[in-house]
Amino acid sequence: MPRRSKEASSPAPANPAPEAAPRPGPRGVMAEKLKDGAALGFLEAAVKISHTSPDIPAEVQMSVREHIMRHTRLQRQTTEPASSTRHTSFKRHLPRQMHVSSVDYGNELPPAAEQPTSIGRIKPELYKQKSVDGDDAKSEAAKSCGKINFSLRYDYESETLIVRILKAFDLPAKDFCGSSDPYVKIYLLPDRKCKLQTRVHRKTLNPTFDENFHFPVPYEELADRKLHLSVFDFDRFSRHDMIGEVILDNLFEASDLSRETSIWKDIQYATSESVDLGEIMFSLCYLPTAGRLTLTVIKCRNLKAMDITGYSDPYVKVSLLCDGRRLKKKKTTIKKNTLNPVYNEAIIFDIPPENMDQVSLLISVMDYDRVGHNEIIGVCRVGINAEGLGRDHWNEMLAYPRKPIAHWHSLVEVKKSFKEGNPRL
């Protein structure tokens with residue numbers, strides 16, 4: 001009895017036997033299974049049959065569904081870039097190549113970088129080289145028209161301009177035999193009725209003409225005249241081929257014509273004789289405070305004859321253009337039976353200062369016809385985007401506001417008045 005009481009009163013052992021661990025609930029078991037990727041397929045299947053298996057608790061279904069959605073979202077983010085990134089990629093590739101395959105739609109993983117191969121692929125540089133060679137050939141043909149040597153002298157006693165055609169050098173071959181039969185036509189523009197020409201020199205590319213030609217003209221009119229030389233290849237059985245032309249705008253370019261002066265000029269390539277359409281003088285004046293542009297048509301000279309009488313009935317039409325579209329148009333009066341009309345008429349347009357760099361003026365010289373359509377003699381253009389004198393005249397007007405600036409402008413054909421197509425006149 002005492003021994004039993006002693007054993008009962010002894011302290012508990014240091015390492016007691018472990019008790020059975022508490023059994024986790026069903027949610028803890030499913031959370032541990034979620035950590036294992038192999039069990040993901042099983043869980044997805046469990047969700048699919050959850051509607052027919054009431055044994056799976058609702059909490060487990062919710063946790064599985066959240067885990068699947070989170071896993072899918074991560075995969076989608078790794079394969080689909082953001083919309084802004086895709087647009088940037090598309091814009092970056094668009095200027096370089098217009099292939100649909102280069103656009104990344106984000107539906108697939110980016111393919112591995114492929115090594116460029118030359119099999120079955122077009123090489124644009126080969127075609128570019130050919131076009132460059134073609135351009136070089138054209139420019140070479142334009143440069144290979146040769147040179148011409150002539151002299152000018154004015155006889156004050158007889159009031160005659162003496163043009164002496166001396167020789168030509170390095171002309172292009174127009175015949176199959178590798179030679180040409182050249183001759184020269186001479187005009188003193190704007191008069192084309194008086195046409196003179198040299199003799200034909202057979203089978204030579206370096207002819208020596210040494211011929212004199214006389215043009216009766218007052219000395220005061222020489223400043224308004226132009227010398228036009230056209231070089232042709234004679235052909236007995238077909239139309240004569242034009243080799244090129246030379247136009248001397250200023251007869252006083254080399255001297256005052258008091259003594260004979262020799263001049264060398266490059267022969268410019270041409271397929272047909274250029275026609276002088278005439279010139280027009282007008283002034284431009286802009287008032288920034290009022291936003292008013294005034295174009296004053298002063299006069300024209302040496303216009304092309306459009307009627308069978310050898311004259312024209314010219315008037316001037318001015319069109320206000322903005323970004324290639326005609327906004328307004330105004331006309332002058334008609335001058336009957338003349339090639340040198342005088343107008344002195346003002347045409348006014350209201351243009352705000354902030355729009356002056358967006359507009360231009362198209363000046364058209366027309367021939368009035370009572371029966372039928374009016375014909376265009378020639379046009380010229382002024383504006384910030386015009387060429388040559390048209391741009392310079394516009395900039396000078398803007399540099400000196402409230403001051404009329406007048407210049408002579410040469411008329412050109414309608415098809416040559418614009419770079420990017422012509423608006424309807």
Side-chain angles (χ1 to χ4, degrees), residues 138 142 187 189-190 192 226 228 230 242 245 247 249 268-284 293 295-341 343 345 347 349 351 358-394 406-425:
K138 292 180 181 179
Y187 301 92
L189 301 178
R192 284 190 173 270
K226 299 178 182 179
H228 186 190
S230 300
M242 187 171 183
E245 64 181 3
I247 299 178
D249 295 328
Q268 303 297 323
Y269 175 79
T271 56
S272 60
E273 291 184 282
S274 53
V275 179
D276 188 18
L277 303 178
E279 297 177 289
I280 181 173
M281 173 184 276
F282 57 86
S283 66
L284 296 175
L293 174 62
L295 184 147
T296 303
V297 181
I298 302 174
K299 58 183 177 180
C300 299
R301 66 184 180 189
N302 304 328
L303 295 180
K304 179 184 176 182
M306 304 296 289
D307 301 336
I308 58 176
T309 60
Y311 293 97
S312 297
D313 301 326
Y315 68 94
V316 180
K317 179 172 66 175
V318 183
S319 302
L320 176 63
L321 307 179
C322 180
D323 295 333
R325 296 183 179 181
R326 186 176 64 185
L327 302 181
K328 295 182 180 179
K329 66 176 181 179
K330 298 184 179 181
K331 306 176 183 179
T332 65
T333 57
I334 301 171
K335 305 297 179 181
K336 296 287 187 177
N337 297 326
T338 178
L339 300 179
N340 300 280
Y343 298 97
E345 300 181 26
I347 296 177
F349 296 100
I351 306 174
Q358 302 174 356
V359 300
S360 61
L361 297 178
L362 179 66
I363 297 93
S364 308
V365 181
M366 313 287 294
D367 174 52
Y368 172 77
D369 196 343
R370 182 174 298 178
V371 180
H373 297 284
N374 300 338
E375 298 179 284
I376 302 175
I377 300 177
V379 300
C380 67
R381 183 185 180 188
V382 292
I384 196 69
N385 296 321
E387 297 180 351
L389 182 58
R391 180 183 61 252
D392 298 338
H393 194 176
W394 186 269
H407 285 292
W408 281 102
H409 291 259
S410 298
L411 299 176
V412 298
E413 297 179 2
V414 178
K415 61 183 180 181
K416 297 180 180 179
S417 60
F418 292 104
K419 281 183 176 181
E420 303 176 5
N422 301 321
R424 187 178 62 184
L425 297 176

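Each residue takes its place number in the sequence, starting with 1.
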- Is there a donor-acceptor pair under 3.5 Å between the side chain of Arg391 and the backbone N or O of Ala386? yes
- Query: Can you tell me how far CD of Gln268 sits from CD of Glu245, rounded to the nearest 0.5 angstrom?
  - Reply: 8.0 Å
- Message: Once rounded to the nearest 0.5 Å, what's the spacing between atom CE of Met366 and atom CE of Met306?
- Response: 9.0 Å
- Query: Hey, does Leu293 have a side-chain heavy atom less than 4.5 Å from the side chain of Val359?
  - Reply: no
- Item | The single option from Ile298, Thr296, Val316, Ile280 passing side chain to side chain contact (heavy atoms under 4.5 Å, CB included) against Tyr343 | Val316
- Message: Angle between ring planes, Phe282 versus His393, binned at 30° and 60°: parallel, tilted or perpendicular?
- Response: parallel
- Query: In Å, rounded to the nearest 0.5 Å, how long is the span from NE2 of His407 to OG of Ser283?
  - Reply: 10.5 Å
- Query: Pairs in or reaching into residues 368-378: which pass side-chain hydrogen bond (donor to acceptor under 3.5 Å, both in side chains), with residues at least two apart or in two chains?
  - Reply: Tyr315-Asn374
- Check whether more than 12 heavy atoms from other residues, nucleotides or ligands sit under 6.0 Å from atom NZ of Lys299, and answer yes or no. no
- Item | Spatial distance of atom CG (Asn302) from atom NZ (Lys304) [nearest 0.5 Å] | 14.0 Å
- Message: A side-chain contact here means heavy atoms from C-beta on lying under 4.5 Å apart; do Leu303 and Ser312 qualify?
- Response: no
- Task: Taking the side chain as every heavy atom from C-beta outward, state whether Val365 and Leu277 have any pair of such atoms under 4.5 Å apart.
- Result: no
- Query: Closest heavy-atom contact between Ile377 and Pro314?
  - Reply: CD1-CB, 4.4 Å
- Task: With sequence neighbours left out, write down each residue that passes side chain to side chain contact (heavy atoms under 4.5 Å, CB included) with Asp307, or none if nothing qualifies.
- Result: Thr309, Asp313, Asp367
- What pairs of residues pass the side-chain hydrogen bond (donor to acceptor under 3.5 Å, both in side chains) test when at least one of them lies in residues 332-341, not counting sequence neighbours? Thr333-Glu345
- Item | Stepwise side-chain contact (heavy atoms from CB on, under 4.5 Å) test for His409 and Val382 | CA-CA 10 Å; His409 291 259; Val382 292; 3.8 Å; yes
- Given side chains that start at C-beta, do those of Val379 and Val412 come closer than 4.5 Å, heavy atoms only? yes
- Note on the structure: Between the NZ atom in Lys226 and the OG atom in Ser410, the distance rounded to the nearest 0.5 Å is 4.5 Å
- Can you establish whether the number of heavy atoms outside Phe349 located under 6.0 Å from its atom CZ is more than 12? yes
- Query: Which atom pair, heavy atoms only, marks the closest approach of His228 to Ile247?
  - Reply: CD2-CG1, 3.7 Å
- What's the spacing between Lys317 NZ and Leu362 CG if we round to 0.5 Å? 8.5 Å
- Would you say the side chain of Trp394 lies within less than 4.5 Å of the side chain of Leu361, judging by non-hydrogen atoms? yes
